[in-house]
Amino acid sequence: MARAYRALMRGINELDLQHSSVPCNLVLTGAAVPLVINSHGHILAAASVYGRGRIVVLSHETYLTLCPALVKNALAWLGGGSANLSLGVQKKRQAVADNLNRSSYKVSLMEDFDKDHGVSVYVTDAYEVGAKAAELIDFMKAGGGLLIGGQAWHWASQNKNENLILEFPGNKVAGVAGIHFSAKYGKAEKLPIYPEIPSSWKAIYCGMDFKEDLEFLLKGISDFNIQGDGVPSGALVHGRLAFSICNTDKEEVFLAGTYYGRGRVILVTHEKLASFWKNACDWLDQGRRGVVGFERGVKPLPNLGLTCKTTEFNQDLSVFVCKAYSNIDPERIQNFVAEGGGLLIGGHAWYWASTHQGGNPMHDFSGNKILNKMGLSLLKETITLGVYKAPDPSQVNIFHFRHLLRRLAGHVLEGGEFTEQDEEHLKKLGADCASFLMMKAYDRFSYMEILSLLTDILKKQGVSEKPAKSPKEHMVLSLATNMYDVSLNQQELLPYIIKDNPSLPVVKNQRIKITAQTGGQIMPQNTAAHYALFNPLLLGLCRPKIQIGCQSDELHKEELWRAPYVIKRFPVTSEKMQVWNLWGGLIYLLAPRDVQVDEEEVVVQDAVSAPYYKSGVTKPADWSSLRRAPAPWAEMEFDNIILTVPSHIIRELERPQEVEKLWNGIMKGISDLAVIPQKFIRKERIVADVQISAGWMHAGYPIMMKSSIGAELFKPEDARTKGLWGETHELGHNRQRSCWEFPPHTTEATCNLWSVYVHEEVLGLNRAKAHPSVTPASRKRCVEKYVQQGRKLSHWKVWTALETYLQLQERFGWAAFKKVFADYHHMSNCPRDNDKKMNLYAETFSKAVNMNLTGFFKAWGWPIEQATEEKLSNLPPWTDHPMAQYS
């Protein structure tokens, strides 16, 4: 439509609409674009396409004669540029024909539209087209052009009980192409004409009132029960004529409606809404008492009072009911609705998203291919199940996506009011913006206007170099990532996001050999954008993904030191790929499970070299130059662990072999105690970043730690004198297994077995020096307090729980634990509840040491069953255990 706009406004520098005529504001949906927007955000002229035809709408009939240059251009565009245009003009608009007397057009005055008259373009006002609406729509679908002028505010004042969107004559025709006359007055001004399609933050939200629709839909309904087996997705309500019907207490929409053309749509994300179905189908049917068709596989709804049948989709239906997973051509359904049909569509998008990793549900999911253009979308996020009160019909649209965005835009761009209530909804607005942007509907104005507005907001607000604290700063920081990903001009946007972006030297055509078993990794580079060339064989074997960034630790903090999410993944779909990440990051090649690739080559065409060390590959003589590589992230890969840190941490590291020796030893200790092969199938990872999701460190893949303490990873001497309790604690977490874990009691306890083992057996540091909570005095106080409190399992956790295991270790040694862990490796069908698991552990440990330990575990308050005691009764009891003194 950009080309159409330039054709329509060619040679026009301004339009002077300052006279007595009062236009109305036009409301646009679908493929429609504005031609003229005044300073108040009122759309006073618009154009669109439908079928093979075209339409131009002016917001007052006088503009048909007062804007001769625009009309001339419009007629040429509507006629497809034909020099022999056959033009039909409504007789009441003879002034238009008079203005065209000197043109080459064949002009015919017509009492009313006549499809047999053979005209290619028809000019009319918006007031008497209702009776000929069907013929005019067919005319447009077949390639005809329509030029319509009029306003709807007067009609609305005379027909207060009528539905303006559906019943105003002009809307019966122009509505199918996404242009609706509204009852809102437009301000007539002298307006400049811009070289590209105009947009205004004031035009983002038109404030349509859906109170009567909601009163109809919610009649007799007090609440909605969305509990049960189904897990619903949230819905995004983003169209100008779309509205939420009900949402959760967290403003998650699970039921929504919209007008589209002459028809209506209801989107339901949960099936248990039985009391709502009759109201919904009556609203969609618009009083026609027509047939409600149900897609095959959808059970017809009972007690609707309408004729229902299972059928293939067809245009003769009044209402069509289908799942969001339907494979019906989206355009067929959209046209059905645009011409008056009702659509009831249900389903969710979260399962599609979970089974299409790397896919884009907003763009590629079948339900959204149908819904997006109509102003609704299904989100990949699930919502909170519960029973929710039916809302007040006058309050539902207060937090509409476009309404909140308009208020934010007014605040940022022109200093408008922004209340505390507005700020409370910024987090949801940010999430909605992120979802909306993922539609990537660059061919639709409704998408591009919001993309343009968000770009203006980002440029005006900018991303602060200081930590983000306020809800607005949070939203802008999150928005920056999403905007950069979808922007059509990333380089223009970049300076507003990253103020001082250093120019780093780029290396060209790096050839990298890939060897992978169940996973792969490109030798890390760092860049914002680069090309990679893949061997076709690698693509066939591996179906890999490219990841830029070393960790997916997502932040939900009141103060943000970095963007909440800083990695980006790209499915590799062709031999040549361009990939990027706003926040930079090391480049990885991810392979799925059960893949074996040997010495396949990838060529990275443009990237920035990163400091990188790999055991058995990097030569000591080369390290002095490798550690100076310019990228801001560095990686050191040892036998069973990879350490990733900001590069400045390792720039001065002169003896990487000492660090290698330290971590190879630690990881050998980790595997020894866990009784797993010395060679890990997947190497552990530790990443140090400026901010992480929880604590100073947390377990996972990778283990995360704050970069402020990242230097301790590379100080072997300190590790052997001060210890590395935190790191080994998190490595221990990664070795915990459900079958011998008793959450929440042992969650933060048994992981410390690896801390104690590594410190004593690898680092040579006595447990009492490894952590202050493992000194004899601390341990004694812990036991005594537990006994005094009645030996309740509710108090048995962290250091208290660890003490149980330390007492076992001090009596039976580490060999006993290794035997127990080895035995668990061969178990299947382990119980799931704690009581049974604790009995199994007592039995397993007792058999491992050939001693009945039930008395010891009972002394700790474990729920030892009589059956367990009987199983172990043939073993000698441990009577002098450490807890015996507290009997």
Side-chain angles (χ1 to χ4, degrees), residues 666 669-670 673-674 694-700 703 705 709 712 719 721-738 740-763 765-814 816-818 820-821 834-835 837-838 841-842 845 853 855-864 878 881-887:
I666 289 173
I670 296 292
L673 182 58
W696 283 93
M697 296 184 194
H698 69 74
I703 292 167
M705 68 186 299
I709 56 172
E712 68 187 33
T721 54
K722 300 176 182 178
L724 288 171
W725 187 276
E727 290 83 350
T728 50
H729 170 94
E730 306 306 346
L731 287 166
H733 269 307
N734 286 358
R735 301 272 67 82
Q736 287 174 319
R737 296 294 176 264
S738 172
W740 47 261
E741 272 294 292
F742 320 127
H745 311 296
T746 57
T747 303
E748 295 298 327
T750 52
C751 56
N752 287 325
L753 289 171
W754 276 266
S755 295
V756 175
Y757 182 85
V758 168
H759 279 79
E760 290 192 336
E761 301 299 315
V762 178
L763 301 178
L765 193 62
N766 183 275
R767 65 186 64 178
K769 293 182 179 180
H771 196 284
S773 293
V774 197
T775 62
S778 293
R779 291 172 59 187
K780 188 172 186 295
R781 284 194 300 270
C782 211
V783 174
E784 290 175 348
K785 182 178 180 181
Y786 180 67
V787 171
Q788 289 169 5
Q789 291 177 330
R791 310 184 200 217
K792 298 176 181 177
L793 281 183
S794 57
H795 298 142
W796 187 71
K797 52 189 175 182
V798 194
W799 303 110
T800 307
L802 177 63
E803 181 60 24
T804 302
Y805 297 94
L806 291 181
Q807 289 180 358
L808 288 168
Q809 190 278 328
E810 287 171 341
R811 171 62 177 82
F812 301 106
W814 289 116
F817 279 88
K818 294 177 183 180
V820 169
F821 290 141
N834 277 352
D835 285 6
K837 286 198 291 184
M838 293 173 93
Y841 190 88
F845 212 111
L853 307 181
F856 167 74
F857 288 115
K858 288 174 70 175
W860 272 106
W862 283 33
I864 301 301
W878 185 19
H881 57 78
M883 299 300 289
Q885 61 183 303
Y886 300 106
S887 299

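Predicted model, so just to flag it, every value in this text is computed and none were measured.
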Review point. Does the pair F845 and W878 meet the rule for a ring pair (Phe, Tyr, Trp, His ring centres under 6.0 Å), with working shown?
Key: CA-CA 12 Å; F845 212 111; W878 185 19; 9.0 Å; no
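- By the 4.5 Å heavy-atom criterion applied to side chains, I666 and L731 are counted as neighbours.
- Residues passing the side-chain contact (heavy atoms from CB on, under 4.5 Å) test with P863 are L793, D835, M838, sequence neighbours excluded.
- For the pair M697/I709, a side-chain contact is recorded, criterion being any heavy-atom separation below 4.5 Å from C-beta on.
- Judged as a ring pair (Phe, Tyr, Trp, His ring centres under 6.0 Å), and not counting sequence neighbours, the contacts of H771 are W725, W799.
- Taking NZ of K769 as the reference point, atom OG1 of T775 lies at 12.5 Å (rounded to 0.5 Å).
- In this structure, H759 and G723 approach most closely via the heavy-atom pair NE2-CA, 3.3 Å.
- Residues Y805 and T746 have side chains in contact (heavy-atom distance under 4.5 Å, counting atoms from C-beta outward).
- Taking the six-membered ring where the residue is Trp, H881 and F856 present perpendicular rings, their angle passing 60° and hence far from 30°.
- In this structure, W862 and Y841 have tilted ring planes: the angle between them lies in the 30° to 60° band.
- Distance check, rounded to the nearest 0.5 Å: OG of S755 to CG of L765 gives 11.5 Å.
- F857 has its side chain within reach of L808: a pair of non-hydrogen atoms, C-beta onward, lies under 4.5 Å apart.
- When every heavy atom of I864 is checked against every heavy atom of A842, the shortest pair comes out as CD1-CB, 3.8 Å.
- Pairs of residues two or more places apart, or lying in two chains, never qualify as salt bridge (Lys or Arg N to Asp or Glu O under 4.0 Å) while including a residue from residues 749-759.
- A distance of 8.0 Å separates CG in L802 from CZ in R779, rounded to the nearest 0.5 Å.
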Exercise for review: Please test Q809 against V756 for side-chain contact (heavy atoms from CB on, under 4.5 Å), starting from the C-alpha separation and ending with a verdict.
Suggested key: CA-CA 10 Å; Q809 190 278 328; V756 175; 5.8 Å; no
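- V820 is not listed as a side-chain neighbour of F812, based on a closest heavy-atom distance of 4.5 Å or more.
- Take F821 and apply the ring pair (Phe, Tyr, Trp, His ring centres under 6.0 Å) test, not counting sequence neighbours, and it matches W740, W754.
- Distance CD/E803 to OG/S778: 10.5 Å, rounded to 0.5 Å.
- Listed by first and then second residue, the salt bridge (Lys or Arg N to Asp or Glu O under 4.0 Å) pairs that reach into residues 749-762 are E760-R767, sequence neighbours excluded.
- For K858, the salt bridge (Lys or Arg N to Asp or Glu O under 4.0 Å) partners at least two apart in sequence or on another chain are E869.
- Between R781 and K785, every side-chain heavy-atom pair lies at or beyond the 4.5 Å cut-off.
- Counting heavy atoms from C-beta on, the side chains of Q807 and P882 come closer than 4.5 Å.
- Legend: residues meeting ring pair (Phe, Tyr, Trp, His ring centres under 6.0 Å) with W814, ordered by chain and number and at least two apart, are Y757, F817.
- Residues that satisfy the ring pair (Phe, Tyr, Trp, His ring centres under 6.0 Å) test with H729, not counting sequence neighbours, are H733.
- Side-chain atoms of T747 never come within 3.5 Å of backbone atoms of P743 as a donor-acceptor pair (strictly under, hydrogens ignored).
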Practice item. Show your reasoning for whether side-chain contact (heavy atoms from CB on, under 4.5 Å) applies to L673 and K818. Key: CA-CA 6 Å; L673 182 58; K818 294 177 183 180; 4.3 Å; yes
Review point. Given T728 and N752, is the side-chain contact (heavy atoms from CB on, under 4.5 Å) satisfied, shown in steps?
Key: CA-CA 8 Å; T728 50; N752 287 325; over 6 Å; no
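- Distance check: R737 CZ to T750 OG1 gives 11.0 Å after rounding to the nearest 0.5 Å.
- Side-chain contact between S738 and K837 is present, with heavy atoms from C-beta onward closer than 4.5 Å.
- For R791, the side-chain contact (heavy atoms from CB on, under 4.5 Å) test picks out Y786, V787, A859, M883, Y886, with sequence neighbours left out.
- Legend: residues meeting side-chain hydrogen bond (donor to acceptor under 3.5 Å, both in side chains) with K780, ordered by chain and number and at least two apart, are E784.
- With sequence neighbours excluded, no residue forms a side-chain contact (heavy atoms from CB on, under 4.5 Å) with K797.
- Sorted by first and then second residue, the pairs that involve residues 725-736 and meet salt bridge (Lys or Arg N to Asp or Glu O under 4.0 Å), not counting sequence neighbours, are E684-R735.
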